[in-house]
> 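Structure incoming, see below.
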2 protein chains.
Amino acid sequence: MANVFRALSDPTRREILKLLQKGNLNAGRITENFDMKAPSITHHLHILRNAGLVQSEKKGQQMIYSLNTTVLQDVLNWILELQGKSK
Amino acid sequence: MANVFRALSDPTRREILKLLQKGNLNAGRITENFDMKAPSITHHLHILRNAGLVQSEKKGQQMIYSLNTTVLQDVLNWILELQGKSK
DNA sequence: TAGATATTTAGATTGTTATCTAAATACAGA
DNA sequence: TCTGTATTTAGATAACAATCTAAATATCTA
């Protein structure tokens with residue numbers, strides 16, 4: 001879960017997640033949304049993938065990224081527990 | 001809200017919050033729980049305070065820290081929204 | 001197969017963060 | 001007022017993270 005928290009701590013990565021919420025995107029499309037070079041986005045995607053927050057699938061020469069929110073459940077529970085609103 | 005995410009991204013700080021959930025503590029008591037020198041804990045407490053996650057009150061020569069979970073609501077909503085379970 | 005496009009990898013640079021030691025500040029009690 | 005205790009501040013160091021350029025890899029299409 002530490003990986004998830006660390007991944008979420010960066011604003012670019014949070015914005016990537018928001019983009020993917022609207023639908024799957026390839027790396028190029030994601031990059032278009034930021035004032036940043038492609039390798040930097042690749043780096044962020046790698047961290048997100050490592051945290052389990054996104055999944056990737058190769059489709060021809062493109063890499064399609066999709067959101068995976070299941071790992072957020074732990075984070076959610078952690079916060080709820082801290083708030084004393086659960087468990 | 002970015003400050004909150006950044007504050008939560010560190011494991012020591014998350015543990016501090018967990019400690020404070022059980023009750024208010026002065027800086028010394030918090031420090032006892034970690035294998036770390038006092039100035040480092042002060043540093044973490046400063047970041048937590050900046051994020052609004054803790055409050056502090058001077059009591060004699062001690063500084064009493066307490067948990068404030070109200071700022072977690074935004075984080076919670078952000079996550080729920082990403083999960084598509086709200087808004 | 002050659003050239004174009006999409007993405008990633010490698011390596012460098014820069015900025016940020018966590019930690020430490022030493023010193024400063026604030027307060028309490030004799 | 002002096003001494004001890006609690007906490008923070010200042011400044012240094014080392015590890016980590018974000019970004020870039022250049023190059024490598026993979027795939028598509030003519």
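Proteins get letters first, then strands, A, B, ... in listed order; numbering begins at 1 in each.
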> I'd like to know if the side chain of A:Gln83 reaches the main chain of A:Trp78, judged simply by a donor and an acceptor atom lying under 3.5 Å from each other, with no hydrogens or angles considered.
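Pair absent, no side-chain N/O of A:Gln83 close to backbone of A:Trp78.
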> Nearest-Å distance, CG (B:Asn50) to P (C:dT17)?
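B:Asn50 atom CG is separated from C:dT17 atom P by 11 Å.
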> Please check if the side chain of B:Glu57 supplies one atom and the backbone of B:Ser66 the other of a donor-acceptor pair under 3.5 Å.
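It does not hold such a pair.
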> Just to confirm, is there a sub-4.0 Å distance from OP1 or OP2 of C:dC20 to any side-chain nitrogen or oxygen of B:Ser40?
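For C:dC20, OP1 or OP2 has a side-chain N or O of B:Ser40 closer than 4.0 Å.
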> If you look at every strand shown and take non-hydrogen atoms under 4.0 Å, does B:Arg29 touch a base, only sugar-phosphate, or nothing?
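Contact class for B:Arg29: none.
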> Output the rounded distance in Å from CZ (B:Arg49) to P (D:dT9).
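It works out to 9 Å between those atoms.
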> To the nearest Å, how far apart are B:Ile41 CD1 and C:dT21 P?
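Value for this atom pair: 14 Å.
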> Atom CG of B:Leu48 and atom P of C:dT17: how far apart are they, to the nearest Å?
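So the CG-P distance, B:Leu48 to C:dT17, works out to 14 Å.
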> From the list D:dA18, D:dT7, C:dC20, which nucleotide is the closest neighbour of the side chain of B:Thr42?
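Nearest to the side chain of B:Thr42 among the choices is D:dT7.
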> Is there a side-chain polar atom (N or O) of B:Tyr65 under 4.0 Å from OP1 or OP2 of D:dT8?
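Looking at the OP1 and OP2 atoms of D:dT8, one of them is under 4.0 Å from a side-chain N or O of B:Tyr65.
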> Just the rounded figure in Å: distance from P of C:dT19 to CZ of B:Arg13.
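Roughly 9 Å, once rounded to whole Å.
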> Determine whether a donor-acceptor pair (N or O, by modelled atom type, separation under 3.5 Å) exists between the side chain of B:Arg13 and the backbone of B:Ala7.
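Yes.
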> How long is the line joining CD1 of B:Ile30 and C1' of D:dT8, in whole Å?
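For the pair B:Ile30 CD1 and D:dT8 C1', the rounded distance is 14 Å.
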> NE2 of B:His46 versus P of D:dA10: gap in Å, rounded?
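Whole-Å distance recorded here is 10 Å.
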> Is it the case that more than 12 heavy atoms not belonging to A:Lys18 sit under 6.0 Å from its NZ atom?
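Above 12, so yes.
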> I'd like to know if the side chain of A:Asn26 and the backbone of A:Met63 have a donor-acceptor N/O pair within less than 3.5 Å.
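No, A:Asn26 side chain to A:Met63 backbone: no donor-acceptor pair under 3.5 Å.
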> Could you state the CD1-C1' distance from A:Ile47 to C:dT9, rounded to the nearest angstrom?
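Computing the A:Ile47:CD1 to C:dT9:C1' distance gives 15 Å.
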> Does B:Thr31 reach the main-chain N or O of B:Ala27 with its side chain, forming a donor-acceptor pair under 3.5 Å?
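Checked: pair present.
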> Under 3.5 Å, is there a donor-acceptor pair between the side chain of A:Arg14 and the main chain of A:Leu8?
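At least one qualifying donor-acceptor pair exists.
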> Using a cut-off of strictly less than 4.0 Å, decide whether B:His44 has a side-chain nitrogen or oxygen near OP1 or OP2 of C:dT19.
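So the side-chain polar atoms of B:His44 do come within 4.0 Å of the phosphate oxygens OP1 or OP2 of C:dT19, strictly under.
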> If each of A:Lys58 and A:Asp10 is mapped to the nucleotide of DNA chain D with the nearest heavy atom, which maps nearer the 5' terminus, i.e. the 5' end?
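Checking each residue's closest nucleotide, the 5'-ward one belongs to A:Asp10.
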> What does the list of N/O pairs under 3.5 Å between the protein and nucleotides 2-6 of chain D look like, with a distance for each?
from: D:dT5; atom 1: O2; to: B:Gln61; atom 2: NE2; distance (Å): 2.8

> Among C:dT8, D:dT8, D:dA17, which is the nearest nucleotide to the side chain of A:Arg6?
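Shortest atom-to-atom distance from the side chain points to D:dA17.
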